[in-house]
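Bear in mind the structure is a predicted one, so any value in this text is a computation, not a measurement. Each ligand, and each atom within it, is numbered from 1 in the order the structure gives.
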Amino acid sequence: MSYIEPAPIKDKENPLDSMMSRFDEAARLLGISDEIYNILKTPTKQVIVGLPITMDSGKIEVFQGYRVIHSNILGPSKGGIRYDPGVTLNEVQALAAWMTWKCAVVDIPYGGAKGGITCNPREMSAGELERLTRAYTLSMLDVFGPDRDIPAPDMGTGPREMAWLMDEYSKSLGMTVNSVVTGKPLVLGGSLGRVEATGRGVMVCALAGMEKLRINPYKATCAVQGFGNVGSHAARLLHERGVNILAISDMSGAYYNEKGIDIDAAAAYVEQNNRSLEGFTGAEKIPAGDLLTLKVDILVPAAKEDVITEENMHKIEARMIVEGANGPTAAVADAILNNKGILAVPDILANAGGVSVSYFEWVQNRLGYKWTQERIHRRSDRIMREAFEKVYNTSVEYQIPMRIAAYIVAIDKVAKTYTFRGGY
Ligand code: GLU
């Protein structure tokens, strides 16, 4: 890989800057026109709502909800809904754009969107969350739709919230419309394989990357940050393929075992311990930040944005990073990692397994049909593998890191589509 001038160091990066700096670099390399550049950097639609909710105490609290449609040029926009105290318009804008690039990288016929509510789901009761989800859905009735904008789970939401959303939308229209949302429980038209889809895509990318770097999975070591929906499945699936997982972490801290962690035991422990690794005895507790700088072959950041930063970028020792989370690497760290020869498989490729199986869920709902798990795995593995090769080959062709190559693949597709469709 060629040498890249490190970006100037600045304070904490916000997600939108982090997305835009990569977008700018790829747009420049591709040589897209100023007109197309301006179109692609501007979200198509942004909706902000105030949601007054009666809490269990009887008090009314007002929550801020967002939905940003970054682009619907490739098809209906697609993207999850995040419930987290840190949700801001800036973050939702970045996540929405990432969805556009992600869907384009894996070549599925969707634009990109993201939603969020600034709230702390860990401190809310099921009843409060249900009222909030239903109120949010009602406020987005003219935004959502199977041919318009299709939400899905993200941080802080899951099949339960998607079921409420599907129900509220369906009641408002007077008919059952399961294709309005993906990531639903199986009985409501959810897809087999959706729950582990993102983690499975991470595994496929990690194996593809190991092949390029000539790392034998049976001799490889790995650290996984985050043991939620993405990290736990990625760890388990890699473990099943021979990779030794030396460290895992969640909100309770990081856990290290130099001989390797029994991932099934960790998953079983979390299951009966209120979804937390706290007290897990199959590994010793280490300072949370140390997980990222362990000397392992593969590092999987699968928790949140901006964890590989100017503070720890020089200390990263992994040979390969596979980004399960959205935006875990600050843009300022890209050049350093590249100059250290680390292969970074970027978020918009590595975690696209989730939206790929969301696409299959939507297709099945529209067909009124159900595919087998085997078919879902086979097709999503193929999508991920082909996208990996396309991005890898682009990175070789342009002599650039895989991250910028992924943006090039995506921007090229969206820009060409726009040029054919035309504007006003
Ligand atoms: N929230 C997930 C993501 O960031 C899934 C989106 C979807 O399935 O639409 O990719």
Side-chain angles (χ1 to χ4, degrees), residues 15 19 66-72 74-84 87 91-106 108-117 121 140 143-146 148-159 161-162 165-166 178-185 189-202 204-205 226 228-231 233-234 301-305 322-328 345-365 376 380 383-384 387 406 410:
M19 187 282 294
Y66 306 89
R67 185 76 182 168
V68 173
I69 295 179
H70 171 260
S71 168
N72 49 17
L74 293 180
S77 50
K78 187 86 190 78
I81 302 171
R82 177 170 289 198
Y83 286 4
D84 189 77
V87 166
E91 182 189 57
V92 180
Q93 285 170 335
L95 290 161
W98 274 323
M99 287 308 302
T100 302
W101 314 136
K102 198 183 295 188
C103 293
V105 166
V106 287
I108 56 178
Y110 285 143
K114 202 76 168 199
I117 303 180
M140 297 291 168
V143 177
F144 295 158
R148 237 181 286 157
D149 178 41
I150 309 143
D154 196 74
M155 255 164 66
T157 59
E161 286 73 18
M162 301 308 114
L165 194 155
M166 180 270 214
N178 56 13
S179 54
V180 69
V181 58
T182 61
K184 299 178 293 290
S191 179
L192 291 165
R194 175 63 185 90
V195 172
E196 71 272 29
T198 313
R200 192 175 171 92
V202 167
V204 171
C205 286
N229 188 255
V230 182
H233 291 291
K304 55 182 170 100
E305 284 119 65
V322 188
E323 297 184 342
N326 289 312
V345 187
D347 47 6
I348 56 172
L349 167 62
N351 71 36
V355 75
S356 299
V357 177
S358 272
Y359 168 54
F360 296 156
E361 179 173 334
W362 179 80
V363 169
Q364 291 170 82
N365 291 162
I376 307 269
S380 59
I383 283 188
M384 293 305 294

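Scored by the side chain to side chain donor-acceptor pair (under 3.5 Å) test, Lys114 finds Asp154 as partners (sequence neighbours excluded). The side chain to side chain donor-acceptor pair (under 3.5 Å) test applied to Asp149 returns Arg67, Ser77, not counting sequence neighbours. In this structure, Glu161 has no salt bridge (Lys or Arg N to Asp or Glu O under 4.0 Å) partners at least two apart in sequence or on a different chain.
The shortest distance between side-chain heavy atoms of Val357 and Arg200 does not fall below 4.5 Å. Side-chain contact between Ile150 and Ser179 is absent, with no heavy atoms from C-beta onward closer than 4.5 Å.
Across all non-hydrogen atoms, the minimal contact from Lys184 to Pro159 is C-CB, 4.2 Å.
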Which N or O atoms of ligand 1 sit under 3.5 Å from a protein N or O, and how far apart is each pair?
| from | atom 1 | to | atom 2 | distance (Å) |
| --- | --- | --- | --- | --- |
| ligand 1 | 1 (N) | Pro153 | O | 2.9 |
| ligand 1 | 1 (N) | Asp154 | OD1 | 2.8 |
| ligand 1 | 4 (O) | Lys102 | NZ | 3.0 |
| ligand 1 | 4 (O) | Lys114 | NZ | 3.0 |
| ligand 1 | 4 (O) | Asn326 | ND2 | 3.2 |
| ligand 1 | 8 (O) | Arg194 | NH2 | 3.0 |
| ligand 1 | 8 (O) | Ser358 | OG | 2.5 |
| ligand 1 | 9 (O) | Lys78 | NZ | 2.8 |
| ligand 1 | 10 (O) | Lys102 | NZ | 2.7 |

